[in-house]
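Atoms within a ligand are numbered from 1 in the order they appear, just like the ligands themselves. All values below were derived from every heavy atom in this structure, side-chain atoms included, with hydrogens, water molecules and symmetry-related copies excluded.
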Amino acid sequence: MTGDTTQIGIVGGSGALGSAIAMALLESGAVPPQALWISNRSGSRKGFEAHPEVTITSDTDALTRACGTVILSVPPASVADLRIAAEDRLVISVMAGVTLARLRDLTGATRVVRAMSSPAARLRTAYSPWVASTEVNQDDRSRVKDIFSACGLTDELTNEAHLDQFTAMTGPVPGFVAFYAECMIDHAVKAGIAPEVADRAIRQLFLSAGTILSQEAPTPCEHVEAMIDYAGTTAAGLEKMRASPIAEAISEGLEAAARKARSMS
Ligand SMILES: NC(=O)C1=CN([C@@H]2O[C@H](COP(=O)(O)OP(=O)(O)OC[C@H]3O[C@@H](n4cnc5c(N)ncnc54)[C@H](O)[C@@H]3O)[C@@H](O)[C@H]2O)C=CC1
Ligand SMILES: O=C(O)[C@@H]1CCC=N1
């Protein structure tokens with residue numbers, strides 16, 4: 001009994017990440033509402049009022065029985081008491097630090113995918129890398145790609161350890177980018193600019209920069225080289241930053257986050 005392969009269930013689907021993925025699936029048309037199940041602690045329909053055909057339940061066993069594909073999106077702290085019998089299901093986890101081996105133990109499934117995504121799925125702009133157990137078949141892979149393509153960009157990886165790096169880098173949105181924006185706002189305020197003006201200006205900067213960087217070319221590295229070659233005001237700042245430990249500090253911070261993810265397994 002492999003469950004209805006047309007039905008997809010999200011355990012924790014009312015949460016920040018699970019609901020973002022659910023809305024991406026619904027709004028992209030990737031999953032019709034009558035084929036989507038959501039389980040949460042309370043069975044509350046909050047957040048899905050506009051989608052009455054979506055099945056909401058607090059009974060995760062009912063979800064697993066009905067759905068051929070089960071997405072796990074509960075907080076790491078809740079994983080320990082997660083009891084799911086999903087032997088013949090395709091199980092996809094977006095939970096930080098939960099390894100393929102632990103997912104097998106938690107669910108009894110052999111067709112297991114460990115992924116990382118982000119609440120940017122709500123904007124259809126997430127990056128969702130994933131690794132698959134050897135038992136995952138081609139139909140499974142197509143389904144995983146369809147799910148995460150509805151959320152943004154997606155890539156299948158071959159090295160599970162890289163999922164901890166992506167948990168650090170692309171899981172949190174705006175995540176570490178918000179810290180850089182905060183540093184720029186602090187600089188502006190120190191220079192005497194009104195905080196509300198600094199905030200508005202830097203938010204607009206990150207909107208425009210993100211849009212430009214999302215285009216195919218030039219690459220971020222090429223953007224930097226072009227500004228240095230231009231030898232103007234930005235070059236002066238970039239050369240100062242390149243001579244500082246800022247790049248090393250960023251890498252150390254990201255590694256601390258990846259280490260935390262590894263510690264969760
Ligand atoms: N929030 C974020 O920015 C990101 C979160 N993640 C991962 O996504 C997972 C979920 O995190 P959030 O959405 O932030 O958590 P959240 O706290 O916003 O939502 C968790 C949801 O899971 C439900 N839940 C908890 N235990 C349950 C159980 N046993 N059965 C059914 N439902 C249950 C809760 O009712 C809640 O609706 C975590 O593993 C986290 O590491 C990954 C990337 C980004
Ligand atoms: O900060 C966290 O733990 C979650 C997982 C990855 C991004 N946000």
task = For the pair D139 and R111, find out whether any cationic side-chain nitrogen is under 4.0 Å from an anionic carboxylate oxygen.
result =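 Not counted as a salt bridge, because no side-chain N and carboxylate O are separated by less than 4.0 Å.
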inquiry  = Between R262 and E255, does any NZ, NE, NH1 or NH2 come within less than 4.0 Å of an OD or OE carboxylate oxygen?
reply    =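 So E255 pairs with R262 through a salt bridge.
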How close does the nearest protein non-hydrogen atom get to [atom], and which residue and atom is it?
atom	result
atom 7 (C) of ligand 1	V94 O, 3.4 Å
atom 1 (N) of ligand 1	A16 CB, 3.9 Å
atom 27 (C) of ligand 1	V74 CG1, 3.6 Å
atom 23 (C) of ligand 1	G12 CA, 3.8 Å
atom 15 (O) of ligand 1	P75 CG, 3.9 Å
atom 6 (C) of ligand 2	T167 O, 3.7 Å
atom 13 (O) of ligand 1	L17 N, 2.8 Å
atom 5 (C) of ligand 2	A96 CB, 4.0 Å

Give a yes/no verdict on whether any heavy atom in [X] is under 4.0 Å from an atom of ligand 1.
X	value
M116	yes
P172	no
S117	yes

inquiry  = Just to be sure I read this right, does ligand 1 sit under 4.0 Å from the backbone of L82, its side chain, both, or neither, counting only heavy atoms?
reply    =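 Just the side chain.
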message = Please work out, at 4.0 Å between heavy atoms, whether the side chain, the backbone, both, or neither of S73 comes within that distance of ligand 1.
response =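 Both of them.
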ask   = Are the side chain of T125 and the backbone N or O of A121 linked by a donor-acceptor pair below 3.5 Å?
value =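 Between the backbone of A121 and the side chain of T125 there is no qualifying donor-acceptor contact (under 3.5 Å).
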task = For ligand 1, find out whether one of its N or O atoms is nearer than 3.5 Å to an N or O atom of V11.
result =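 Such a contact does not occur with ligand 1.
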ask   = Which ligand 1 atoms, with their elements, are less than 4.0 angstrom from a heavy-atom of N40?
value =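 In order of numbering, the contacting atoms are 31 (C), 32 (N), 35 (O).
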